[in-house]
Amino acid sequence: MTSPPAAPVPPATDPAFLPPSLGRRFGALVIDWVLCLLVSNFFADPVRDGWAPVAVLIVEYGLFLGLFAQTPGMWITRLRCLDWSDGGRIGIPRALLRGLLLALVVPPLIMDEQRRGLHDRLTGAVIADAPRPAR
């Protein structure tokens, strides 16, 4: 008989928490941005209408982070966005706010020792590794 897996420790109280590299985070953002450019082509010209891919990015972050804790780019780079205090999903409203703050560009540039940008701290979020389950 095996014991049930231990509940994950929230990042805020985990002394062993190591944030993922900035390279992986940037890679996830680039993948998401390319997807947003492709999607925005369906209803606008992303070159002429610069707001279109930004709007898609905010909606993508709101839905994917709020429901799944990962955007497609985060899934590919094995990252996830968690609630800082309990390690759960941040929910759609906070994910939309995080996406809006990310679109302002300045918040991600102001980081703390856990690599939490201002957009993460204001929404109570953190980016963490998302290991794939063993098969």
Side-chain angles (χ1 to χ4, degrees):
M1 180 189 280
T2 61
S3 61
V9 178
T13 59
D14 184 0
F17 174 75
L18 290 174
S21 72
L22 292 177
R24 284 176 50 207
R25 289 183 72 162
F26 185 71
L29 181 62
V30 168
I31 292 166
D32 289 332
W33 184 249
V34 169
L35 291 173
C36 291
L37 288 170
L38 293 172
V39 169
S40 66
N41 269 320
F42 288 109
F43 62 89
D45 178 2
V47 174
R48 188 188 69 228
D49 303 319
W51 60 267
V54 175
V56 172
L57 182 78
I58 293 168
V59 171
E60 175 200 13
Y61 268 64
L63 293 177
F64 280 94
L65 291 183
L67 297 175
F68 310 112
Q70 292 179 306
T71 63
M74 288 179 178
W75 184 82
I76 291 169
T77 58
R78 297 183 181 187
L79 299 173
R80 60 187 170 178
C81 182
L82 304 173
D83 184 280
W84 174 247
S85 62
D86 69 11
R89 290 187 305 236
I90 62 173
I92 292 174
R94 286 172 41 203
L96 282 169
L97 177 59
R98 187 181 182 279
L100 180 63
L101 292 170
L102 180 67
L104 296 175
V105 179
V106 174
L109 299 177
I110 305 167
M111 292 194 167
D112 65 11
E113 59 276 357
Q114 286 88 21
R115 294 193 186 118
R116 293 175 67 215
L118 188 57
H119 63 304
D120 289 322
R121 289 183 302 225
L122 290 174
T123 58
V126 65
I127 300 298
D129 289 320
R132 299 278 192 264
R135 293 183 191 237

S.K.: Looking at every non-hydrogen atom in both residues, tell me the closest pair between M111 and R121 and how far apart they are.
M.R.: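 The pair with the smallest heavy-atom distance is C-NH1, 3.9 Å.
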S.K.: Only pairs at least two apart or in different chains count here, so list each side chain to side chain donor-acceptor pair (under 3.5 Å) that has a residue in residues 69-84.
M.R.: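 As it turns out, the side chain to side chain donor-acceptor pair (under 3.5 Å) pairs with a partner in residues 69-84, which skip direct neighbours, are D32-T71, D83-S85, D83-R94.
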S.K.: Enter the distance from C36:SG to I31:CD1 here, rounded to the nearest 0.5 Å.
M.R.: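 If we round to the nearest 0.5 Å, C36:SG and I31:CD1 are 12.0 Å apart.
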S.K.: So if you build clusters from Ile, Leu, Val, Met, Phe, Trp, Tyr with side-chain heavy-atom gaps below 4.5 Å, do V30 and L57 land together?
M.R.: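 Each belongs to a different hydrophobic cluster.
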S.K.: If you take all heavy atoms of A125 and R116, which pair is closest and at what distance?
M.R.: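 Between these two residues, the closest heavy atoms are O-NE, 2.9 Å.
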S.K.: Can you see which heavy atom on P11 is nearest to which on G87, and at what distance?
M.R.: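 Distance-wise, the nearest heavy atoms are CD-CA, 3.9 Å.
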S.K.: Ignoring hydrogens and geometry, is there a side-chain-to-backbone donor-acceptor pair from D112 to Q114 under 3.5 Å?
M.R.: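 A pair under 3.5 Å: yes.
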S.K.: If you apply the rule side chain to side chain contact (heavy atoms under 4.5 Å, CB included), what do you find for R24 with I127, and how did you get there?
M.R.: CA-CA 10 Å; R24 284 176 50 207; I127 300 298; over 6 Å; no
S.K.: If you count every heavy atom of other residues, nucleotides or ligands that lies below 6.0 Å from F26 atom CZ, does the total exceed 12?
M.R.: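 No - once you tally the heavy atoms of other residues, nucleotides and ligands closer than 6.0 Å, there are 12 at most.
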S.K.: Between W33 and V54, does a side chain to side chain contact (heavy atoms under 4.5 Å, CB included) hold up when you go through it step by step?
M.R.: CA-CA 8 Å; W33 184 249; V54 175; 3.9 Å; yes
S.K.: For T13 and P15, which heavy atoms make the closest approach, and how far apart are they?
M.R.: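 Scanning both residues completely, I find the closest heavy atoms to be O-CD, 3.2 Å.
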S.K.: Is there a path of hydrophobic side-chain contacts, each under 4.5 Å between heavy atoms of I, L, V, M, F, W or Y residues, that connects V56 with L63?
M.R.: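 In one cluster with V56: L63, no.
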S.K.: To the nearest 0.5 Å, how far apart are CG in L101 and CG in L97?
M.R.: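 That separation rounds to 4.5 Å.
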S.K.: Is V34 reachable from L29 through a run of I, L, V, M, F, W or Y residues, each pair having side-chain heavy atoms under 4.5 Å apart?
M.R.: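 Per the 4.5 Å side-chain linkage, L29 and V34 are not co-clustered.
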S.K.: Ion pair present between D120 and R115, side-chain N to carboxylate O less than 4.0 angstrom?
M.R.: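 No.
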S.K.: With a 4.5 Å limit on heavy-atom distance, are the side chains of P19 and V126 in contact?
M.R.: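 No, too far: nothing below the 4.5 Å cut-off.
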S.K.: Using modelled atom types and a 3.5 Å cut-off, is there a donor and acceptor pairing between side-chain atoms of D129 and backbone atoms of P131?
M.R.: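 Flag not set: sc D129 to bb P131 has no pair under 3.5 Å.
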S.K.: Could you measure the distance from the CG atom of L102 to the CG atom of L65? Nearest 0.5 Å is fine.
M.R.: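 Atom-to-atom, L102:CG and L65:CG are 9.5 Å apart.
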S.K.: Please name the pair of heavy atoms, one in I58 and one in L100, separated by the smallest distance, quoted to 0.1 Å.
M.R.: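 Closest approach of I58 to L100, heavy atoms only: CD1-CD1, 3.8 Å.
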S.K.: List the residues meeting side chain to side chain donor-acceptor pair (under 3.5 Å) with R89, not counting sequence neighbours, and say none if there are none.
M.R.: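 Listed in chain order: nothing, the list is empty.
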S.K.: Which value, rounded to the nearest 0.5 Å, describes the distance between S21 atom OG and L79 atom CG?
M.R.: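 So the OG of S21 and the CG of L79 are separated by 7.5 Å.
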S.K.: Same hydrophobic cluster for L35 and F64, using side-chain heavy-atom links shorter than 4.5 Å among ILVMFWY?
M.R.: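 L35 and F64: separate clusters.
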S.K.: Closest approach of A95 and Y61, non-hydrogen atoms and distance?
M.R.: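 The answer is CB-O, 3.5 Å.
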S.K.: Taking V59 as the starting point, is it possible to reach F43 by hopping between hydrophobic residues whose side chains are less than 4.5 Å apart?
M.R.: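 They do not share one cluster, since no chain of ILVMFWY contacts under 4.5 Å joins F43 to V59.
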